[in-house]
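Naming: A, B, ... by sequence-line order, numbering from 1 per chain.
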Amino acid sequence: MLLVLSEEHKEHLSFLPRVDSAVVGEFGRIALEFLRRGSSPKIYEGAARKLCVPVETVQRGVEGLMYLMTESSKHMISKVDFLDSVLVLGFGEELNQILLQLYLQHHSEIRSILSQLPSNLPGYHNLEWRLDVQLASRAIRQQVVPVLTMRLLLTGGGDGTGELSRRVLQTDPGTLLHLISTLEGALAAIKTNHARRIFRNIK
Amino acid sequence: MELSESVQRGLQSLADPSSFDRRSYQVLVDVSFRSLLSSQADPSVLDQPELKQIDQILLKQSHTAATTFILEAVKQNADKSTISSCLEELSFSADRIEIFYSTHQEHRKEVERLLASIGRCPPHIHDASWCLQYHVKNDQVDKINEPFYLISLNTEKERSSDDINFTCTVEQLQIPDVKLLVESSVLQCPGRHNKRQSE
């Protein structure tokens, strides 16, 4: 699969052949840091001063490089397709190889960072639980009621941050056994021929 | 059992054959239990033909006293001798005590359930639903190709229900210890509510 680069993207990347390979490597490193930790304007300013170019040029070059890496990693494109995609930029062979190495070395890491981006669904993180026996309440005394109290921790707090949301829930042992057998049915579903056929054929 | 003065007075009227004859006494006892257990307050609960002859204010005071006494007896899990001695002190005849106690025995479990359902507690899980999906891709990453589960826990809190939805992986769903732990805990925990609570 070939990447289709927009004119704007090509323009941002056109800065790269004007600097030497060490600088391209440095830009690659900055681009990855950007993915891991977010960008820092000071870094762009420092580089712009050293290269005597406007800050925007450096920023766009780095962001263009980052976008090239994320798109390639997202689609898991092959070596050949990557080289064919950057061919259209008209760079020299050496620069193409530097970009390819950058991609090959970091695509797994980039994919895992992209997967951690907040999804639109809350995800299971952990379940803490305790078993208690309720003996009395304001309304009734002399009870013997087993109660299972749980704290369900979910990721994807809904506000887009990595914050965990916490829900305190209760159930009784009878319902819990029912829940467990229901979820065992869920686990059995993945072992069916139907599921296996889908896993084999959608790649 | 501690009873307030107005409850004691109301009960004493109920014990008095000149205020309530045997038939109307039985009807009032039945009506008192029924008014506690019906899901909606019925303003016409005291409109029984057997109760028409009785002074309406006295009737209401006795009804209030009877329902308070019933709730207190169930709340404290009072046994037969406690109920009997309490009513004896308020001048109930043996016959009337017997009528009250047998009606109490008939409805006791339901009143207990009613009282047990009052109070604040975290949302109670009643059921769970699941579906198995195959994650193909999303807007950030292509070619994911992994199965995952969408779980929905159906909870209820004070008559309103809520669903908690979340995803989990196949590994996360496999919690082998929990079932053994719960089964062994359930065996150690005798009790009158040790079964799946009905709605």
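Within a 6.0 Å radius of CZ in A:F91, more than 12 heavy atoms belonging to other residues, nucleotides or ligands are found. Taking a 6.0 Å sphere around CD of A:E94, one finds it holds 12 or fewer heavy atoms contributed by other residues, nucleotides or ligands. By the neighbour-count criterion of 12 heavy atoms within 6.0 Å, atom CD of B:E5 is sparsely surrounded, having that number or fewer from other residues, nucleotides or ligands. Taking a 6.0 Å sphere around NZ of B:K137, one finds it holds 12 or fewer heavy atoms contributed by other residues, nucleotides or ligands. Annotation for B:R22: atom CZ does not count as buried by contact number, only 12 or fewer foreign heavy atoms lying within 6.0 Å.
Within the 4.5 Å cutoff, the side chain of A:I202 has heavy atoms near those of the B:N145 side chain. Here the side chains of B:L153 and A:M150 are not in contact, with every heavy-atom distance at 4.5 Å or above. Contact of the A:L169 side chain with the B:P123 side chain is registered, since non-hydrogen atoms from C-beta on lie closer than 4.5 Å. Taking 4.5 Å as the limit, some side-chain heavy atom of A:L152 sits within range of a side-chain heavy atom of B:F166. With a 4.5 Å cut-off on side-chain heavy atoms, A:L148 and B:I125 do not count as touching. Here the side chains of B:T155 and A:Q170 are not in contact, with every heavy-atom distance at 4.5 Å or above.
Only the side chain of B:I151 comes within contact range of chain A, with heavy atoms under 4.5 Å apart. Of the atoms belonging to B:L71, not a single heavy atom falls under 4.5 Å from chain A. For a residue to count as touching a neighbouring chain, one of its non-hydrogen atoms must lie under 4.5 Å from one of that chain's; by this rule A:R138 touches chain B with the backbone only. Using a 4.5 Å cut-off between heavy atoms, A:I110 makes no contact with chain B at all.
With B:K143 contributing its side chain and A:H75 its backbone, the two residues share a donor-acceptor pair below 3.5 Å. A donor-acceptor pair is defined here as one N or O able to donate and one able to accept, closer than 3.5 Å; such a pair exists between the side chain of B:W130 and the backbone of A:T182. Using a distance-only test at 3.5 Å, with no hydrogens or angles considered, no donor-acceptor pair links the side chain of A:Y124 to the main chain of B:Q172.
Atom-to-atom distance recorded for B:C168:SG and A:L127:CG is 11.0 Å, nearest 0.5 angstrom. Rounding to the nearest 0.5 angstrom, the gap separating the CG atom in A:L114 from the CD1 atom in B:I144 is 9.5 Å. The CD atom of B:Q140 sits 8.5 Å away from atom OG1 of A:T70, with the distance rounded to the nearest 0.5 Å. Interatomic distance, CG of A:L187 versus CD of B:Q174, reported as 5.0 Å (0.5 Å rounding). For the atom pair A:K74 NZ and B:D139 CG, the distance stands at 6.5 Å (nearest 0.5 Å). Residue B:D127 holds its CG atom at 3.5 Å from NE2 of A:H178, rounded to the nearest 0.5 Å.
In terms of heavy atoms, A:A186 sits closest to B:Y149 at O-OH, 2.6 Å. Shortest non-hydrogen contact noted between A:A139 and B:I118 is CB-CB, 4.0 Å. The heavy-atom pair separating A:I190 from B:V170 by the smallest distance is CD1-CG2, 3.2 Å. When all heavy atoms of A:D172 and B:H124 are compared, the closest pair comes out as OD1-NE2, 3.0 Å. Smallest separation of non-hydrogen atoms from B:V141 and A:S115: CG2-N, 3.8 Å. Here the shortest heavy-atom pairing between A:R167 and B:D162 reads NH2-OD2, 3.2 Å.
Chain A forms more heavy-atom pairs under 4.5 Å with one residue of B:N165, B:V74, B:L114, B:I164 than with any other, namely B:I164.
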